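Nothing fancy with the numbering, it's 1 onward along the sequence. Remember, it's a predicted structure, so these values are computed and weren't measured experimentally.
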Amino acid sequence: MQTTLSIIKPDAVQKGYTEDICTRIKESGLKIISKRQVLLSSEQAEGFYDEHKGKPFFEALINFMTSGPVQVQILEGLDAISKYRSLMGNTNPKKAKPGTLRHDFAEAIDANAVHGSDSLESAAREIAYFFPEH
């Protein structure tokens, strides 16, 4: 069993896609073991995306992630990281396959509906960031 972090981003929350995304997650065989809705402060968003500090898109990313509530979740399942990344689809929704979360719920690469951890190390760090009690 693995755990991974999922974030349903402000664009998807604002459009009312949260429950549909959660249903797809569960149907994929992953279990949502903890979730909460959060309105990120600039400091929280900057801390979470610290690895991107200094990159040209950093400020726009922080502005986007603080533009409305997000839902952070811990997902659990066999091979959860790669299973969720496959379910999310390509970072660019226009290149994502039909049936993936980004194809079906996102409109642009910079507002692409969901985030998922990309490795065991990232998952551990990202889960601890939002769920220190876990």
Side-chain angles (χ1 to χ4, degrees):
M1 288 300 230
Q2 269 183 355
T3 54
T4 190
L5 184 84
S6 164
I7 301 176
I8 302 176
K9 295 181 179 181
D11 56 320
V13 172
Q14 289 168 354
K15 291 176 183 168
Y17 295 147
T18 304
E19 284 309 310
D20 291 334
I21 291 171
C22 290
T23 297
R24 296 263 194 101
I25 290 169
K26 293 172 192 168
E27 288 172 349
S28 79
L30 294 169
K31 185 176 176 185
I32 301 170
I33 61 171
S34 192
K35 67 181 176 180
R36 66 172 60 116
Q37 191 156 303
V38 181
L39 182 57
L40 296 175
S41 67
S42 292
E43 293 76 24
Q44 287 172 308
E46 288 174 10
F48 184 75
Y49 288 108
D50 189 57
E51 67 199 59
H52 298 302
K53 196 170 257 175
K55 294 181 182 171
F57 60 85
F58 184 73
E59 189 175 324
L61 174 63
I62 300 310
N63 289 338
F64 168 65
M65 291 301 292
T66 58
S67 68
V70 300
Q71 185 172 108
V72 292
Q73 307 169 328
I74 302 173
L75 308 182
E76 180 181 71
L78 291 174
D79 207 18
I81 294 168
S82 66
K83 184 177 277 189
Y84 188 54
R85 292 189 67 75
S86 178
L87 178 64
M88 287 191 305
N90 191 294
T91 304
N92 183 345
K94 293 180 183 0
K95 295 181 180 178
K97 293 179 182 170
T100 63
L101 299 176
R102 288 180 173 148
H103 177 275
D104 296 349
F105 300 111
E107 294 176 13
I109 194 166
D110 55 352
N112 62 6
V114 289
H115 164 87
S117 306
D118 63 4
S119 67
L120 287 169
E121 296 77 24
S122 292
R125 178 177 46 79
E126 293 176 357
I127 289 169
Y129 193 83
F130 287 111
F131 298 92
E133 71 282 1
H134 179 72

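- There is no side-chain donor-acceptor pair under 3.5 Å between Glu76 and Thr3.
- Using a 3.5 Å distance cut-off with no hydrogens or angles, the side chains of Gln71 and Gln73 do pair a donor with an acceptor.
- Hydrophobic clustering of Ile, Leu, Val, Met, Phe, Trp and Tyr side chains at less than 4.5 Å, counting indirect connections, unites Leu61 with Tyr129.
- Both Phe57 and Phe64 sit in one connected hydrophobic cluster of ILVMFWY residues. Membership requires side-chain heavy atoms under 4.5 Å apart, directly or through other members.
- Remark: Gln14 pairs with Pro10, Ser67 by the side chain to side chain contact (heavy atoms under 4.5 Å, CB included) rule, at least two apart or across chains.
- Follow the hydrophobic side-chain contacts under 4.5 Å out from Leu101 and you reach Ile32 in the same cluster.
- By the 30° and 60° cut-offs, the orientation of the rings of Phe130 relative to Phe48 is tilted.
- For the residue pair Asn90/Lys97, the side-chain donor-acceptor check at 3.5 Å is not satisfied.
- Placement of Leu40 and Ile74 within a single hydrophobic cluster is found when ILVMFWY residues are connected by side-chain heavy-atom separations under 4.5 Å, directly or transitively.
- In this structure, the separation between NZ on Lys95 and OG1 on Thr100 is 13.5 Å, given to the nearest 0.5 Å.
- Judged by distance alone, the side chains of Ser82 and Asp79 do bring a donor and an acceptor atom under 3.5 Å apart.
- The cluster map of Ile, Leu, Val, Met, Phe, Trp and Tyr, joined by side-chain heavy atoms under 4.5 Å apart, puts Leu5 and Phe105 in different clusters.
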